[in-house]
Amino acid sequence: MTPAARATALRQQIAQHDYRYYVLDDPTVADAEYDALVAELVAIERAHPDLVTPDSPTQRVGGQPVTGFATVEHLLPMLSLDNSYDEAALVEFDDRVRRGAGTADVAYVAELKIDGLSIALTYEYGRLVRGATRGDGTLGEDVTANVRAIRAVPLVLTGDRRPLVEVRGEVYLPKPAFEAINREREAAGEPLFANPRNAAAGTIRTLDRATVAGRGLRAYFYQVVVPPGLPGVAPTHADLLPTLATWGLPVERHWRRCGSIDDVMAFCREWAEARRTLPFETDGVVIKVDDLAVRETLGATAKFPRWATAFKFPAEQATTRLLRIEVNVGRTGAVTPFAVLEPVRLGGTTVQMATLHNDQEIQRRDIRPGDRVLVEKGGDIIPKIVKPILADRPADLPAWVMPAACPSCGSALVRPEEEVVWRCENASCPARLRRSLEHFASRRAMNIEGLGESLVDQLVTTGLVGDYADVYALDAARVAALDRMGPKSAANLIAEIDRSRAADLWRLLHALGIRHVGEGSARALARGFGSLAPLRAASGEAIETVPDIGPIVARSVRSFFDEPRNGRVVDRLVAAGVNTEAREAGAAAAAQPLAGLTFVITGTLDTMSREEAAAAIERLGGKVSTSVSRKTSRLVVGREAGSKLEKARTLGVAELDEAAFRALIMQE
């Protein structure tokens, strides 16, 4: 293909992807793949300047206004950012900046790149008069009515009464709000949003203001534009951000002034993994020259400012081929499908598998082996398939059908009434036994170091272990004869098994694999009964009286101990000397002064994340709920508190501001 033909093809592809991204909010390629197409077109046009056309995507910011909104012109063009994908590109950026500024030393401000929708707010004498999307960078959509529905956006600025000022930032969806929206869309049979960015874009550009108000959009702001000829707000970006906060505008708090590009790279490395702890999605770091006068000297190209760049983290989404769908048998007999993918780089690792949940989910989303699919990693260890790319599907591609028999033992699979999960009910199924033993020995259960997947497989295959109790009958000589073991490794394993006999009762209850009993329920049962014997003898009603134990868990516990085979295994564990007493019960109670109290957190906390606040409450014995009710004991109120505060006041729930909350958890 000639350079001219390839350039034409690339422009057509990019234009189609732009349309799907900016107008339909339904992209069919991941960001990294789109960037690769643009980079290829840029390279061709640089090598052949005569091929550049006025309508090339390299000659404009990108995007176009959608129908349904009035079109408005920005005070100054909203340029996009050039991207850097490695530290070498950051060094090159720094070299260009220092040459352009004519100085050896340049300071930068590094900010987390919010994965949302760019927005420009116009304030006249401190009052919000307009909100507009970026659109094509010069013209955007007037979404003022929808912006006014976002609680994070102040209708009146605090302290600033300039005749005209434009504030720019990012509208985004917090992760919990995004997940809630997709759950609602799934229940309604609607297509899921691919990521929080597309959900935010689809929300802010909907014509239904009630939808905007109910979806929990948030915003962060980072730039001020004043009319040409008027003085700026601050001399540096590091001065500007605190000023925005004093105006009542939310500013993402993790920004940092960096004295050199080395400091910038350290910031990027720090957040490459730490970003997963944030309550919002971020796909990189924005690096900006701190001194605004230097920015004026550097200027901008037609598309990018020369004083800023975006460092992109490894892709969290990618498209690849779904090779086949297989099923996995879990320790409770649950048979769950998973996707085997054509290997693809995602989030810095090579991904070959993705979760698929259950066969009904596969059918509902019409995912078929052979499809090209959009895969997302995000904060999950195991990636998930977001959706199939239907435009690329062959016409004769058959649908996938759940197997009728267990792939491990051949038993017929059954699906209990009112459940979506198929199960193998053969208690002797080798796959079930392997998964159960891996769980039994895991760190959050009996914590038997060295008893991992490979060794468990050998123990089950050779018949040395047929249930949990057999683990305590192992001896070093038989273990040493297994593949890759030897006398020393065998002796270490037996020592670990012996040590585990003293584990606290909650660990044993968790290790037994009782359905619906996780670590939290196991701890609650251990605290409630203090010993295994009374728990085994308790009725379902008595078990349900334990705090934090509901009817489903109570019935499951009672059913487990009523099964004779389970009872025999437990008896053998007791005979093997496994501890059955709750040794931590008294200490735990003394160290849990918030026990019995239920907290709800609303708004933004300045000194900690909501996840950190929730962890502090749970560490001290309290419970954290996401909704306010008459059972709520305290409402922790941060900045920009929403409807939860109003409901709490209606119900008379006690309120704690951030200072009072910190005093409470520090005092306790």
Side-chain angles (χ1 to χ4, degrees), residues 322-341 352-362 369 380-385 400-416 419-448 450-474 478-479 482-485 493 497 508 510-518 556 559-560 563-566 568-570 572-573:
L322 171 58
L323 300 177
R324 61 187 182 276
I325 296 176
E326 298 183 356
V327 296
N328 177 64
V329 184
R331 60 186 174 85
T332 64
V335 180
T336 54
F338 64 93
V340 179
L341 307 169
Q352 293 180 275
M353 292 188 298
T355 183
L356 286 170
H357 303 296
N358 57 66
D359 66 317
Q360 293 185 22
E361 176 74 359
I362 294 171
D380 299 329
I381 295 174
I382 300 177
K384 63 181 180 181
I385 290 179
W400 181 79
V401 178
M402 184 77 181
C406 173
S408 179
C409 68
S411 299
L413 300 181
V414 298
R415 187 169 65 193
E419 290 193 13
V420 297
V421 177
W422 289 86
R423 295 184 182 277
C424 171
E425 295 194 329
N426 177 14
S428 300
C429 174
R432 288 188 60 176
L433 178 58
R434 288 183 177 90
R435 300 293 181 269
S436 297
L437 287 172
E438 289 169 17
H439 170 73
F440 185 85
S442 65
R443 185 178 300 275
R444 303 305 300 172
M446 298 303 282
N447 193 20
I448 304 175
L451 189 52
E453 180 179 352
S454 176
L455 182 55
V456 164
D457 183 66
Q458 291 191 72
L459 292 173
V460 173
T461 301
T462 58
L464 289 178
V465 172
D467 58 36
Y468 303 138
D470 285 343
V471 171
Y472 293 93
L474 290 172
R478 287 188 291 177
V479 173
L482 297 175
D483 186 36
R484 300 182 186 178
M485 286 303 293
L493 176 66
I497 292 172
L508 175 61
H510 187 212
L512 288 174
I514 304 171
R515 197 171 173 206
H516 302 305
V517 175
S556 184
S559 176
F560 178 87
E563 166 57 47
R565 287 174 295 186
N566 294 337
R568 289 193 291 271
V569 171
V570 172
R572 291 176 58 218
L573 286 169

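Quick caveat, the model's predicted, so the values are computed rather than measured.
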Next on the checklist: Applying salt bridge (charged side-chain N to carboxylate O under 4.0 Å, His left out) to Arg565 and Asp467, what does each step give before you reach the verdict?
Outcome noted: CA-CA 10 Å; Arg565 287 174 295 186; Asp467 58 36; over 6 Å; no
Next on the checklist: Please give me the minimum heavy-atom distance between Leu474 and Arg478, naming the atom from each residue.
Outcome noted: CA-NH2, 4.1 Å
Checklist entry - Within the side chain of Thr355, is there an N or O that forms a donor-acceptor pair under 3.5 Å with the backbone of Lys384? => result no
Next on the checklist: Using side chain to side chain contact (heavy atoms under 4.5 Å, CB included), reason through Arg572 and Asp470 one step at a time and then give a plain yes or no.
Outcome noted: CA-CA 9 Å; Arg572 291 176 58 218; Asp470 285 343; 2.6 Å; yes
Next on the checklist: Parallel, tilted or perpendicular: which one describes the rings of His439 and His510, with boundaries at 30° and 60°?
Outcome noted: perpendicular
Item to check | Gap separating the CG atom of Leu455 from the CG atom of Asp483, nearest 0.5 angstrom | outcome: 10.0 Å
Checklist entry - Is it true that a side-chain atom of Ser556 and a backbone atom of Arg515 form a donor plus acceptor pair closer than 3.5 Å? => result yes
Next on the checklist: What I'd like to find out is whether the side chain of Leu356 reaches to under 4.5 Å of the side chain of Ile385, using heavy atoms alone.
Outcome noted: yes
Checklist entry - Which distance, rounded to the nearest 0.5 Å, do you find between the SG of Cys409 and the CG of Leu433? => result 11.5 Å
Checklist outcome for this item: Nearest heavy-atom approach of Ala445 to Phe440 is CB-O, 3.5 Å
Next on the checklist: What's the separation between atom CG in Leu508 and atom CG in Leu573, rounded to the nearest 0.5 Å?
Outcome noted: 6.5 Å
Checklist entry - Can you tell me how far CE of Met402 sits from CZ of Arg415, rounded to the nearest 0.5 angstrom? => result 9.0 Å
Checklist entry - Which value, rounded to the nearest 0.5 Å, describes the distance between Trp400 atom CH2 and Leu322 atom CG? => result 10.5 Å
Checklist outcome for this item: All heavy atoms of Gly513 vs all of Thr332, minimum pair found to be O-CG2, 4.5 Å
Item to check | Close side-chain approach of Ile325 to Phe338, heavy-atom, < 4.5 Å | outcome: no
Item to check | Close side-chain approach of Leu451 to Leu459, heavy-atom, < 4.5 Å | outcome: yes
Next on the checklist: Do Leu482 and Leu464 have side chains that approach each other closer than 4.5 Å (heavy atoms only, starting at C-beta)?
Outcome noted: yes
Item to check | Nearest-0.5 Å distance, CG of residue Leu512 to CG of residue Asn566 | outcome: 8.0 Å
Next on the checklist: Testing the 3.5 Å rule here: is there a donor-acceptor pair between the side chains of Arg423 and Ser411?
Outcome noted: no
Checklist entry - At their closest point, which heavy atom of Gly450 faces which heavy atom of Leu493, and how far apart are they? => result C-CD1, 4.1 Å
Checklist entry - Heavy-atom distance under 4.5 Å between the side chains of Leu413 and Cys424, does that happen here? => result yes
Next on the checklist: Testing the basics here: between Val329 and Arg435, what is the closest heavy-atom pair and its distance to 0.1 Å?
Outcome noted: O-CG, 3.2 Å
Next on the checklist: Which heavy atom of Leu341 sits nearest to which heavy atom of Ala354, and what is that distance?
Outcome noted: CD1-CB, 3.9 Å
Item to check | Within 6.0 angstrom of Glu453 CD, more than 12 heavy atoms from elsewhere | outcome: no
